[in-house]
Engineer: 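After the structure tokens below, expect a handful of questions from me.
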Amino acid sequence: VFSVQSNTNTQSKIQNPKSKIDIPLLPGVTDPAADNLQRAAQNLGYDIQRASTGQFYTIEADGDLAADELQKLADTVLSNPVIQQTAVNQPIQPPFFHYTESDGLVETIPLSQATDDQLLQISQERRLSMNLEEMQAIRAYYQRESRDATDVELETLAQTWSEHGVHKTFKAIIDYTGPDGRTETIDGILNTYLRAATEQINKPWVRSAFVDNAGIVAFDDQLDLAFKVETHNHPSALEPFGGANTGIGGVVRDVLGVSAKPIANTDILCFGPPDLDHADLPANVLHPRRIADGVIHGIEDYGNKMGIPTVNGSIHYHPGYTANPLVYCGCLGILPHGSHPTEPQPGDLIIAIGGRTGRDGLRGATFSSMEMDVETSEIAGTAVQIGNPIMEKQVQEVVLRARDERLYSAITDCGAGGYSSAVGEMGEKLGATVQLQNVRLKYPGLRPWEIWLSEAQERMVLAVPPANLPRLQAICDGQDVELTNLGTFTGDGHLHVYNGDTLVGDLTMAFLHDGIPQRRMTAVWQPSGGAGEQGSGGEKAPASAPL
């Protein structure tokens with residue numbers, strides 16, 4: 001119950017001093033509490049087909065409140081329009097999708113004969129976050145293929161080539177001018193400095209680095225430790241709870257993705273000043289206090305529901321983090337030495353376990369690669385997800401039991417890019433054939449590219465020898481986890497994606513993973529306090545973005 005004081009004005013008044021505000025989620029936003037309510041009710045024999053949760057507020061005002069004041073309170077203080085809807089003093093409509101069957105539409109994108117301006121327009125309109133050189137490389141590929149791209153193929157390339165997916169900046173060729181005025185060429189910060197330092201040290205206790213979902217180091221003769229850290233900044237800026245919730249969930253899945261048991265979480269969080277005046281907030285930016293409260297709640301919620309403690313961390317405040325907070329999440333896991341297989345074999349089944357697929361996080365990989373601006377919140381509703389730690393806890397138990405019984409030959413999580421990323425990475429050396437109609441959906445109506453690119457949380461993909469499928473199915477049944485056979489790793493070097501009898505995607509693995517042009521950037525050292533203190537870098541010098 002909130003007690004507020006109203007301002008006297010000439011606008012229409014709500015005469016009832018007690019006003020009511022309903023705030024459920026928008027249709028399609030993941031609602032773990034409702035999912036578990038529905039499942040529990042059905043187990044008890046109640047025929048409940050859909051459920052939703054939300055918040056209900058009673059407002060007691062010192063005098064009358066104008067209708068627009070109540071609506072502003074609902075929209076700016078009590079809810080987040082990215083994931084929630086509101087109703088003031090009127091019944092709320094159930095936030096359920098109107099179920100419609102998918103039209104199965106697969107768009108053909110006219111790339112092969114497109115001009116450079118048209119290429120950039122396609123990238124912008126579809127939020128592909130690809131520059132002209134990358135779009136030109138794709139155009140050349142389809143010219144060689146003598147056809148145009150399907151939306152499934154183009155979206156797959158965009159997420160695979162995204163900054164989030166391949167770290168284009170870290171791998172870029174950089175023409176660097178140092179303090180002495182001399183220029184040197186650096187062939188990628190990642191290989192030249194970061195990875196090279198690890199390889200130069202060459203410590204025997206480094207089991208795996210830079211090649212898997214998480215790094216692995218030795219703990220003792222029997223056990224190894226896995227560790228993964230990752231930022232989840234853009235989503236947390238828009239929807240702090242959901243962004244941080246899925247951020248910590250993502251690193252937990254990465255640890256599971258190297259066959260380890262998650263045992264501890266950590267974080268480093270950077271926000272704008274908590275005492276910032278609201279008048280100084282940029283347009284469409286949440287207040288730092290609201291972001292901080294949501295982020296902290298999101299991290300602790302996921303860990304608590306999975307039984308994983310947050311053992312350390314730090315919080316920092318600076319005006320530079322006002323519009324784009326830093327949400328740095330980490331997870332530590334433990335696994336028996338030598339228990340993590342990494343090589344899928346031709347003929348292995350592509351098995352998905354865990355949550356169902358919806359429109360969650362569509363284009364999340366490319367969204368995370370975009371620059372934040374005042375329009376971001378208007379286009380990112382599907383790029384922000386809500387995690388389901390209860391489901392991930394069940395998936396964890398399946399993975400650990402399957403690992404101990406050696407039922408799979410490789411495993412990865414469904415992070416940015418969903419199945420397109422997971423299957424594309426696992427099948428890089430082999431090729432794969434996928435059947436989208438086998439995918440279990442949260443609701444009907446998804447088009448093929450949406451099924452393929454969805455970033456719905458709590459899903460893992462395993463390469464499973466056919467003989468081991470019955471045992472894995474039994475383990476999943478025992479943990480109430482759904483299992484789906486998506487297809488087969490083939491060995492032909494192609495990614496074939498089918499929707500029923502229709503081939504909706506056909507890419508060579510070589511082009512998908514090696515066809516991206518290497519970026520060229522510039523960097524100039526300047527003394528602290530001078531113009532461009534952070535240096536500069538970009539594809540065209542001198543008009544370039546900071547490194």
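If you read the sequence from its start, that first residue is 1, and numbering goes on from there. Predicted model only: the values in this text are computed from it and were never measured.
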Engineer: Do Thr160 and His513 touch side chain to side chain, with heavy atoms closer than 4.5 Å?
Structural biologist: yes
Engineer: Before giving the answer on side chain to side chain contact (heavy atoms under 4.5 Å, CB included), spell out for Ile299 and Cys329 the whole-Å C-alpha distance, their side-chain angles and the decisive distance to 0.1 Å.
Structural biologist: CA-CA 8 Å; Ile299 291 174; Cys329 303; 4.2 Å; yes
Engineer: Between Glu392 and Met306, is there a donor-acceptor pair closer than 3.5 Å when you use the side chain of the first and the backbone of the second?
Structural biologist: no
Engineer: Mind checking what makes ring-ring contact (aromatic ring centres under 6.0 Å, His included) contact with His297, not counting sequence neighbours?
Structural biologist: Phe241
Engineer: Is it true that, when you exclude Gln518 itself, more than 12 heavy atoms of the residues, nucleotides or ligands shown sit nearer than 6.0 Å to its CD?
Structural biologist: yes
Engineer: Hey, what do you get for CE (Met130) to CD (Glu163), rounding to the nearest 0.5 Å?
Structural biologist: 13.5 Å
Engineer: Is Trp161 reaching over with its side chain to a backbone N or O of Ser129, donor-acceptor style, under 3.5 angstrom?
Structural biologist: no
Engineer: Excluding sequence neighbours, so at least two apart, what forms ring-ring contact (aromatic ring centres under 6.0 Å, His included) with Tyr141?
Structural biologist: Phe511
Engineer: Quick one: do Glu184 and Arg182 make a salt bridge, cutoff under 4.0 Å?
Structural biologist: no
Engineer: In terms of side-chain geometry, is the basic nitrogen of Asp175 or Arg520 positioned less than 4.0 Å from the acidic oxygen of its partner?
Structural biologist: yes
Engineer: Dump the intermediate steps for side chain to side chain contact (heavy atoms under 4.5 Å, CB included) on Ile173 and Arg519, then the final yes or no.
Structural biologist: CA-CA 6 Å; Ile173 296 174; Arg519 276 189 176 180; over 6 Å; no
Engineer: Kindly compute the distance separating SG (Cys270) from OH (Tyr317), expressed to the nearest 0.5 Å.
Structural biologist: 10.0 Å
Engineer: Verify whether one side chain among Arg253 and Gln457 offers a donor that lies under 3.5 Å from an acceptor in the other.
Structural biologist: yes
Engineer: Taking it one step at a time, do Lys171 and Asp187 satisfy salt bridge (Lys or Arg N to Asp or Glu O under 4.0 Å)?
Structural biologist: CA-CA 7 Å; Lys171 295 180 180 179; Asp187 189 6; over 6 Å; no
Engineer: Let me confirm one number: the CD-CG distance from Glu145 to Leu507, rounded to the nearest 0.5 Å.
Structural biologist: 8.5 Å
Engineer: Donor-acceptor pair, Asn499 side chain versus Thr502 backbone, under 3.5 Å?
Structural biologist: no
Engineer: When you check the side-chain N and O atoms of Thr177 and Trp525, is any donor under 3.5 Å from an acceptor?
Structural biologist: no
Engineer: Look at Glu155 together with Arg447 and state whether they make a salt bridge at an N to O cut-off of under 4.0 Å.
Structural biologist: no
Engineer: I'd like to know if the side chain of Thr246 and the backbone of Gly243 have a donor-acceptor N/O pair within less than 3.5 Å.
Structural biologist: yes
Engineer: Side-chain contact, heavy-atom cut-off 4.5 Å: Val423 with Trp452?
Structural biologist: yes
Engineer: With a 3.5 Å distance limit and no angle check, can you tell me whether Gln345 reaches the backbone of Asp348 through a side-chain donor-acceptor pair?
Structural biologist: no
Engineer: Under a 3.5 Å threshold, yes or no: a donor from one side chain and an acceptor from the other, between Asp492 and Thr490?
Structural biologist: yes
Engineer: Does the side chain of Asp212 pick up a donor-acceptor pair with the side chain of Thr342 at under 3.5 Å?
Structural biologist: no
Engineer: Identify whether the distance between the nearest side-chain nitrogen and carboxylate oxygen of Arg359 and Glu450 falls below 4.0 Å.
Structural biologist: yes
Engineer: Specify the closest pair of heavy atoms between Ser420 and Gly417, including all atoms of both residues, with the distance to one decimal.
Structural biologist: OG-O, 2.6 Å
Engineer: Who pairs with Arg144 by salt bridge (Lys or Arg N to Asp or Glu O under 4.0 Å), at least two apart in sequence or on another chain?
Structural biologist: none
Engineer: Heavy atoms, side chains only, cut-off 4.5 Å: are Val251 and Val229 in contact?
Structural biologist: no
Engineer: Under a 4.5 Å cut-off applied to non-hydrogen side-chain atoms, are Ile174 and Thr185 in contact?
Structural biologist: no
Engineer: Checking Glu458 side chain against Asn388 main chain: does a donor-acceptor pair fall under 3.5 Å?
Structural biologist: yes
Engineer: Can you tell me how far the OG atom of Ser454 sits from the CG atom of Leu446, to the nearest 0.5 Å?
Structural biologist: 7.0 Å
Engineer: Give the C-alpha distance, both sets of side-chain angles, the deciding distance and a yes or no for side chain to side chain contact (heavy atoms under 4.5 Å, CB included) between Thr488 and Ile350.
Structural biologist: CA-CA 5 Å; Thr488 306; Ile350 305 170; 5.5 Å; no
Engineer: Of all residues at least two apart in sequence or in a different chain, which pass the side chain to side chain contact (heavy atoms under 4.5 Å, CB included) check with Arg289?
Structural biologist: Pro274, His278, His287
Engineer: What I'd like to find out is whether the side chain of Gln118 reaches to under 4.5 Å of the side chain of Ser123, using heavy atoms alone.
Structural biologist: no
Engineer: Looking at Glu107 and Arg126, is any side-chain nitrogen of the basic one under 4.0 Å from a carboxylate oxygen of the acidic one?
Structural biologist: yes
Engineer: Between the side chains of Tyr142 and Glu153, is a donor N or O closer than 3.5 angstrom to an acceptor N or O?
Structural biologist: yes
Engineer: Determine the minimum heavy-atom distance between Pro344 and Ser409, stating which atoms define it.
Structural biologist: CA-OG, 3.8 Å
Engineer: Just by distance, do the side chain of Gln435 and the backbone of Gly487 share a donor-acceptor pair under 3.5 Å?
Structural biologist: no
Engineer: Evaluate the side-chain proximity of Arg290 to Asn80: yes if any heavy-atom separation is below 4.5 Å, no if none is.
Structural biologist: yes
Engineer: Below 3.5 Å, can you tabulate the donor-acceptor pairs from side chains in residues 256-269 to any protein atom, sequence neighbours excluded?
Structural biologist:
from	atom 1	to	atom 2	distance (Å)
Ser259	OG	His340	ND1	2.8
Ser259	OG	Tyr408	OH	2.7
Thr266	OG1	Asn312	O	3.1
Thr266	OG1	Asn312	OD1	2.6

Engineer: In sequence, state the C-alpha distance, the side-chain angles, and the governing distance for Met460 and Thr412, and then conclude on side chain to side chain contact (heavy atoms under 4.5 Å, CB included).
Structural biologist: CA-CA 6 Å; Met460 304 290 292; Thr412 192; over 6 Å; no
Engineer: Can you name the closest pair of heavy atoms from His494 and Asp506 and give their distance?
Structural biologist: ND1-OD1, 3.0 Å
Engineer: Could you list the residues that satisfy salt bridge (Lys or Arg N to Asp or Glu O under 4.0 Å) with Arg195, not counting sequence neighbours?
Structural biologist: Glu199
Engineer: Any luck finding a side-chain donor-acceptor pair between Ser314 and His316 under 3.5 Å?
Structural biologist: yes
Engineer: For the backbone of Pro517 and the side chain of Glu133, can you confirm whether one donor and one acceptor N or O come within less than 3.5 Å of each other?
Structural biologist: no
Engineer: Of all heavy-atom pairs between Val285 and Thr322, which one has the smallest distance, and what is that distance?
Structural biologist: CG1-O, 3.6 Å
Engineer: Does a side-chain heavy-atom distance below 4.5 Å link Phe219 with Trp205?
Structural biologist: no
Engineer: Would you confirm whether Asn245, through its side chain, and Gly298, through its main-chain N or O, come within 3.5 Å as a donor-acceptor pair?
Structural biologist: yes
Engineer: Is it true that a side-chain atom of Thr433 and a backbone atom of His496 form a donor plus acceptor pair closer than 3.5 Å?
Structural biologist: no
Engineer: How long is the straight-line distance from CD of Gln124 back to CG of Leu119, given to the nearest 0.5 Å?
Structural biologist: 13.0 Å
Engineer: Is Thr231 close to Leu326 at the side-chain level, that is, under 4.5 Å between some pair of heavy atoms?
Structural biologist: yes
Engineer: So, taking the atom named CD1 in Ile334 and the one named CD1 in Ile216, what distance separates them when rounded to the nearest 0.5 Å?
Structural biologist: 12.0 Å
Engineer: Kindly give the heavy-atom pair with the smallest separation between Ile109 and Asp148, and that separation in Å.
Structural biologist: O-CB, 3.3 Å
Engineer: Please report the closest heavy-atom contact between Ala463 and Phe489, naming both atoms and the distance.
Structural biologist: CB-CE1, 3.6 Å
Engineer: Just checking, any donor-acceptor pair under 3.5 angstrom between side chains of Thr108 and Arg147?
Structural biologist: no
